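Heavy atoms only: backbone and side chains are in, while hydrogens, waters and symmetry mates are out. Treat the numbers as computed from the prediction; the structure is a model and nothing was measured.
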Amino acid sequence: MGEAGGTIKWGIMGTGWIAERFAEDLAYVGNGEGLAVGSRTFESAKKFADQFGLPRAYGSYAGLVADPDIDAIYVATPHPYHRENVLTALNAGKAVLCEKPFTVNSAELEPLVHTAKQNKLFLMEAMWTRFLPPIVQVRTWLEEGRIGEVKLLKAEFGFRSDWNPEGRLLNPRLGGGALLDAGIYPVSFASMIFGTEPERISSSAHIGETGVDEHFSLLLDYGQGKSASLQGAVRLALTNDAYIHGTEGSIYIPSFLNAKEAYLRVAGQEEVKFTDDRPSTGYAFEAEEVGRCLLNGLTESPSITLEESLGIMKLLDEIRGQWNLKYPFE
């Protein structure tokens, strides 16, 4: 796996905005480096490879995954294509990091999990937020019981996109809508704290004229006085912060999905501020986690297991079910 000394060779599937961010951040990955990119056309792949200094370019995804020197594939295509693209990589024997949301629904994700486990291949959802230093610190504070028993979470992520009915965000044929694109962040954050199985789900959504959810609100009740209030939007600019309240204090994370700082507040104690001065955007940390797992013979990351990702996807299915929102290809 990789070269001697522990270097994971990455192949990037797709050439869009998120693929560009990942390629840029590979420069900051201590245990990996970019080797190749694959696109549906060689021209697109060659342009991307030249821009980001990748030695190899392929005009098909099949060509990319057939490269014997690639250890791990980063799937950066739109989520309606994740199932097909991840299977292509897994069937070629590659480790896979798949951009969020993992798939459009749990029925698509289940065969991916089965294939990865059956063939003992690494597979992980690219929930980059989990691996950012401020969020790692927050998890440490929670594990140490610094704010007592966690009771309430408030988290939201939303932005005002341009009106483009044919674009990815608003087009039902492309799995558009706030829940899968933006809502996955607060829902996954709630899962990190409370798990994937709330006792009750209360939700409301604004279904826009294209037939997708433009913004939504969720209240997840986990019992024992524990709940999460979550919002997401693709046509509204939200604050994008997270607040975690416990019996002994609270944690505040500004812009939690790409967090650069976190605040620990406990009554009678001086506020603790954790600051991350990383030079990268932050995608490097999830790539390093994949490398760490591969170099240690793991097929899942303990920070976001396949069981958890599947539980999150089932939760998203149930929420969309409350809205009677199905995509044309489902």
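Q51 CD: more than 12 foreign heavy atoms inside a 6.0 Å radius. Within a 6.0 Å sphere centred on NZ of K226, other residues, nucleotides and ligands contribute more than 12 heavy atoms. Heavy atoms of other residues, nucleotides or ligands lying less than 6.0 angstrom from CZ of R139 number more than 12. The 12-atom threshold is exceeded at CD of E144, counting heavy atoms of other residues, nucleotides or ligands nearer than 6.0 Å. In this structure, N296 places its CG atom where more than 12 heavy-atom neighbours from other residues, nucleotides or ligands lie under 6.0 Å away. The local environment of CD in E271 is crowded, with over 12 non-hydrogen atoms from other residues, nucleotides or ligands closer than 6.0 Å. Heavy atoms of other residues, nucleotides or ligands lying less than 6.0 angstrom from CD of Q322 number more than 12.
Considering CZ of R235 and NE2 of H206, their distance stands at 9.0 Å, rounded to 0.5 Å. The distance from the OG atom of S203 to the CZ atom of F216 is 9.0 Å, given to the nearest 0.5 Å. From S309, atom OG reaches atom CD1 of I184 across 8.0 Å, with rounding to the nearest 0.5 Å.
With respect to V150, the side chain to side chain contact (heavy atoms under 4.5 Å, CB included) criterion is satisfied by exactly one of T247, I251, I244: I244.
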For this session: Verify side chain to side chain contact (heavy atoms under 4.5 Å, CB included) between E289 and M124, making sure each step is shown before the conclusion.
Result: CA-CA 10 Å; E289 173 68 3; M124 186 180 95; 4.3 Å; yes

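Scanning both residues, I253 and A262, for their nearest heavy atoms gives CG1-CB, 4.3 Å. Nearest approach of L230 to V187, heavy atoms of both residues: CD1-CA, 3.9 Å. Closest approach of A182 and P186 over heavy atoms only: O-CD, 3.2 Å. S227 and L152 get closest at one heavy-atom pair: OG-CD2, 3.1 Å. Between F256 and T129 the shortest heavy-atom distance is O-CG2, 3.5 Å. When all heavy atoms are compared, the tightest approach of S161 to V234 is OG-O, 2.6 Å.
A salt bridge links D181 and R168; the closest N-O separation between the charged side-chain nitrogens and carboxylate oxygens is under 4.0 Å. Electrostatic pairing of R173 and E166 counts as a salt bridge here, judged by a charged N lying under 4.0 Å from a carboxylate O. Contact check on R21 versus E24 returns a salt bridge, with a Lys/Arg side-chain nitrogen under 4.0 Å from an Asp/Glu carboxylate oxygen. Ion pairing of R56 with D69 is present here, as a side-chain N (NZ or NE/NH1/NH2) and a carboxylate O approach within less than 4.0 Å. One finds a salt bridge joining E330 and R320 here, because a Lys/Arg side-chain nitrogen approaches an Asp/Glu carboxylate oxygen to under 4.0 Å.
With sequence neighbours excluded, no residue forms a ring-ring contact (aromatic ring centres under 6.0 Å, His included) with Y58.
For the 3.5 Å distance criterion, the side chains of Y263 and E261 qualify, holding a donor opposite an acceptor. A donor-acceptor contact closer than 3.5 angstrom is absent between the side chains of E308 and T196.
Using modelled atom types, one side-chain atom of E300 and one backbone atom of L306 make a donor-acceptor pair closer than 3.5 Å. With R130 contributing its side chain and S188 its backbone, the two residues share a donor-acceptor pair below 3.5 Å. In terms of modelled atom types and a separation under 3.5 Å, the side chain of N31 and the main chain of G6 share no donor-acceptor contact. At least one donor-acceptor pair closer than 3.5 Å links the side chain of D276 to the backbone N or O of R278. Panel note: side chain S301, backbone S303; a donor-acceptor pair is recorded below 3.5 Å. With hydrogens and angles disregarded, no donor-acceptor distance shorter than 3.5 Å links the side chain of D213 to the backbone of I207.
In this structure the side chain of L54 never reaches within 4.5 angstrom of the side chain of W10, judged on heavy atoms. Put simply, the side chain of I193 reaches to within 4.5 Å of the side chain of L142, judged on heavy atoms. Looking at heavy atoms from C-beta onward, M192 lies in side-chain contact with I135 at the 4.5 angstrom threshold. Looking at E288 and Y28, their side chains never come closer than 4.5 Å, going by heavy atoms from C-beta outward. Within the 4.5 Å cutoff, the side chain of L169 has no heavy atoms near those of the N164 side chain.
Note on residues 60-113: pairs passing ring pair (Phe, Tyr, Trp, His ring centres under 6.0 Å), not counting sequence neighbours, are F22-Y74. Sorted by first and then second residue, the pairs that involve residues 85-98 and meet side-chain hydrogen bond (donor to acceptor under 3.5 Å, both in side chains), not counting sequence neighbours, are T77-N85.
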